[in-house]
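Owing to the predicted nature of the structure, the values given are computational and were not obtained by experimental measurement.
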Amino acid sequence: MSSPKLLAVIVVWRLRRRTEVRSRFDEKLTVIIVLTLGVLSQPPWRARGS
């Protein structure tokens, strides 16, 4: 399983938790994971073709 797919599964799992159960640390960690997922899912600069 690739890293972006694994991070996507983790994000979905974390967001399905009830809001009352999540701490501020959990929210910050979820944001960091989503940002990392965005970076990993982008194609490399050389592959863009411009």
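- By the side chain to side chain contact (heavy atoms under 4.5 Å, CB included) test, T36 pairs with L7, I32, L40, sequence neighbours left out.
- For R17 against R22, the heavy-atom pair with the smallest separation is O-NH2, 2.9 Å.
- Hydrophobic clustering, with ILVMFWY side chains joined whenever heavy atoms are under 4.5 angstrom apart, groups V9 together with L29.
- Here the CG-CD1 distance, from L37 to I33, works out to 9.5 Å after rounding to the nearest 0.5 Å.
- Under the rule for a salt bridge (Lys or Arg N to Asp or Glu O under 4.0 Å), the partners of R18 that lie at least two apart in sequence or sit in another chain are E20.
- Linking Ile, Leu, Val, Met, Phe, Trp and Tyr residues whenever their side-chain heavy atoms come within less than 4.5 Å places L6 and L15 in a single cluster.
- Taking both residues in full, the closest heavy atoms of R14 and D26 are given as NH2-O, 3.0 Å, listed atom of the first, atom of the second, then distance.
- A chain of hydrophobic side-chain contacts below 4.5 Å, direct or via other Ile, Leu, Val, Met, Phe, Trp or Tyr residues, connects V11 to F25.
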